[in-house]
Structures are given as structure tokens and as C-alpha cells.
Amino acid sequence: MVNTTKGLFISCDIPMAQFIINYNNTLPPSQQFIIHVLDSTHLFVQPHAAEMIRSAISEFRDQNSYEKPT
């Protein structure tokens, strides 16, 4: 018998995958969204987490973007 799980496949570079994994680990167990880490650049996550991941990445990039002093 085959078991299926609906999810979202994420393909990214290694640092971004590590960011997503660490973000997932900071959440309480009931809110963790990673179903399976396929390899160092591919993740399988719950589909409802897409926007949450996008906003966390956006916030991370905003915090780490260089802004020229005025």
C-alpha cells in the first residue's frame, strides 16, 4: 500500500535550506512544517507554510541588506 502526503517541494541553495530548517526548529512542535529533508538543497514541507516561509525569508533579507548611509 502506498502512503501519500500533500506538500510543497522547495529547491534552494544550501544556506537558504539551513535557514528554513533553523526557522522550523524555532517553532513549537505543533507548528513545525517540514515533512522531510530530502537532501542539502531540497525540502518537502506542508503546503500551508508557503507564505510563512516567504515572509520569514523576506524579513531575513531585509535585515541583512546593505543600505548606503545618507
Side-chain angles (χ1 to χ4, degrees):
M1 180 176 222
V2 176
N3 292 328
T4 61
T5 302
K6 187 174 184 176
L8 178 69
F9 177 76
I10 298 177
S11 179
C12 56
D13 60 1
I14 293 171
M16 188 55 63
Q18 287 301 310
F19 173 78
I20 295 169
I21 291 168
N22 288 335
Y23 176 65
N24 181 67
N25 290 337
T26 63
L27 298 173
S30 63
Q31 294 179 350
Q32 291 183 353
F33 52 83
I34 293 180
I35 297 170
H36 191 70
V37 177
L38 302 171
D39 61 26
S40 61
T41 60
H42 299 98
L43 306 169
F44 190 60
V45 302
Q46 295 176 357
H48 67 79
E51 191 56 41
M52 181 172 53
I53 295 169
R54 281 191 193 105
S55 64
I57 291 170
S58 177
E59 182 179 324
F60 176 73
R61 287 186 175 160
D62 289 345
Q63 291 173 353
N64 291 298
S65 296
Y66 175 75
E67 292 182 20
K68 186 175 180 179
T70 57

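Just so we're clear, the structure is a prediction, and the values are computed from it rather than from any experiment.
What you find for C12 and A17 is that their closest heavy atoms are SG-N, 3.5 Å. The heavy-atom pair separating P47 from K6 by the smallest distance is CD-O, 3.5 Å.
For the pair T41 and D13, the minimum side-chain heavy-atom distance is 4.5 Å or more.
Cluster partners of Y23, using a side-chain heavy-atom cutoff of under 4.5 Å among ILVMFWY residues and allowing indirect links, are L8, I10, M16, F19, I20, I21, L27, F33, I34, V37, L43, V45, M52, I53, I57, F60.
Between atom CD of residue E59 and atom CZ of residue R54 there is a gap of 16.0 Å, rounded to the nearest 0.5 Å.
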